[in-house]
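Treat the numbers as computed from the prediction; the structure is a model and nothing was measured.
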Amino acid sequence: MKLLVAIKWSALRTEVDPLTGSATVTPGRFGTDPSSLAALAWALRLAGADGGEVTAVTIGPKAAETGLREALALGAAKAVRIEGPADPEPLQVAALLAPLAAETDLVVLGARSIDRGSAAVAPALAALLERPSACGLLDVAWEGEHLAAERRLPAGRRERVRLPVPAVISVESGSAPLERAALPATLAAGE
């Protein structure tokens, strides 16, 4: 089983002018998006349960490789950085991910990034690949050859879904804690 996890390099802090509504990114405050960390945690869990292989991918500048090194230290087998526009639209992101995603069985993304929050990349990617998708998941597990997942609905309700694989899923930020990488793994991934 081949899994692909998208690691988003995001502006972690922005300042919004209360009069004009314009947003300015605080310099030096970029990092791995929290929902991408949840996606990485789920991808590693699902791969571990199935004996699969996780490839981490990011679209962004050389600095975005920080998130890829973290993914490698935590257990991802491969890491790929795709050079892309500075602030790509969700459809551009989906188009850039599609060739690599087409070679995998399961694509795991964060549901909403901290800087844009559109939640549009996963459904766009699923449409490009013509695969089933489920978005905003809180829990994911293998159920035979299918994925069983749970997502939040309005009024405190939950919905259980089952997906055939290959598929594209997105997970909510904080839905899975990410373990800290061991020091030797961190040092090895930094090379």
Side-chain angles (χ1 to χ4, degrees), residues 1-10 32-60 64-84 88-113 118-151 161-173 175-176 178-179 181 185 189:
M1 176 78 53
K2 291 183 178 181
L3 292 91
L4 180 70
V5 61
I7 306 293
K8 183 159 191 313
W9 187 248
S10 292
T32 303
D33 191 82
S35 65
S36 291
L37 295 174
L40 176 60
W42 280 115
L44 292 169
R45 276 188 197 179
L46 292 168
D50 186 63
E53 178 182 275
V54 174
T55 298
V57 62
T58 193
I59 298 168
E65 291 177 6
T66 302
L68 295 177
R69 283 191 292 276
E70 183 178 9
L72 288 169
L74 288 163
K78 300 175 194 168
V80 177
R81 180 176 66 89
I82 299 171
E83 195 69 44
E89 294 294 324
L91 292 177
Q92 290 174 305
V93 173
L96 289 168
L97 291 175
L100 192 57
E103 300 172 6
T104 63
D105 300 302
L106 180 64
V107 183
V108 186
L109 300 100
R112 283 176 199 82
S113 64
S118 70
V121 175
L125 181 59
L128 286 173
L129 298 174
E130 298 180 352
R131 290 185 180 179
S133 71
C135 299
L137 302 178
L138 300 169
D139 188 31
V140 185
W142 290 113
E143 199 172 84
E145 304 254 329
H146 290 76
L147 278 175
E150 185 176 287
R151 63 178 158 207
V161 295
R162 249 182 103 191
L163 286 164
V165 175
V168 177
I169 63 171
S170 71
V171 296
E172 291 288 337
S173 179
S175 60
L178 192 59
E179 301 295 324

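- For the side chain to side chain donor-acceptor pair (under 3.5 Å) condition, no pair includes a residue of residues 124-139, sequence neighbours left out.
- Considering only residues two or more places apart in sequence or on other chains, Leu40 meets the side-chain contact (heavy atoms from CB on, under 4.5 Å) condition with Val5, Ile7, Leu44, Ala71, Leu74, Leu178.
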Check: Could you go step by step and tell me if Leu37 and Glu70 meet the side-chain contact (heavy atoms from CB on, under 4.5 Å) rule?
Finding: CA-CA 10 Å; Leu37 295 174; Glu70 183 178 9; 3.9 Å; yes
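- Across all their heavy atoms, Ser173 and Ala38 have their closest contact at CA-CB, 4.1 Å.
- Inter-residue side-chain proximity for Trp142 and Val165 is flagged as met; some heavy-atom pair is nearer than 4.5 Å.
- A heavy-atom distance below 4.5 Å is not found between the side chains of Leu46 and Met1.
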Throw together a table of side-chain donor-acceptor distances under 3.5 angstrom for residues 96-109, partners on residues two or more places apart or in other chains.
residue: Thr104; atom: OG1; partner: Ala101; partner atom: O; Å: 2.8
residue: Asp105; atom: OD2; partner: Lys2; partner atom: N; Å: 2.7

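- Every residue two or more places apart in sequence or in another chain that forms a side-chain hydrogen bond (donor to acceptor under 3.5 Å, both in side chains) with Lys78 is listed here: Glu53.
- Listed by chain and number, the residues in a side-chain hydrogen bond (donor to acceptor under 3.5 Å, both in side chains) with Glu145 amount to none (sequence neighbours excluded).
- The minimum heavy-atom distance linking Glu172 with Ala111 is given by the pair OE2-CB, 4.0 Å.
- In terms of the side-chain contact (heavy atoms from CB on, under 4.5 Å) criterion, residue partners of Pro123 (sequence neighbours excluded) are, by chain and number, Cys135.
- The heavy-atom pair separating Thr66 from Trp9 by the smallest distance is CB-CZ3, 4.0 Å.
- Nearest heavy atoms, Ala43 versus Leu3: O-CD2, 3.8 Å.
- Scanning all heavy atoms of the two residues, the minimum distance from Ala79 to Leu68 falls at CB-CB, 3.8 Å.
- Residues meeting the side-chain contact (heavy atoms from CB on, under 4.5 Å) test with Ala134, sequence neighbours left out: Leu137, Arg151, Val161, Leu163.
- In this structure Glu83 satisfies the side-chain hydrogen bond (donor to acceptor under 3.5 Å, both in side chains) test together with Arg81, sequence neighbours excluded.
- Summarising the geometry of Ala6 relative to Ser36, their closest heavy-atom pair is O-OG, 3.5 Å, with the distance given to 0.1 Å.
- With sequence neighbours excluded, no residue forms a side-chain hydrogen bond (donor to acceptor under 3.5 Å, both in side chains) with Gln92.
- Not one N or O on the side chain of Thr55 forms a donor-acceptor pair closer than 3.5 Å with the backbone of Leu4.
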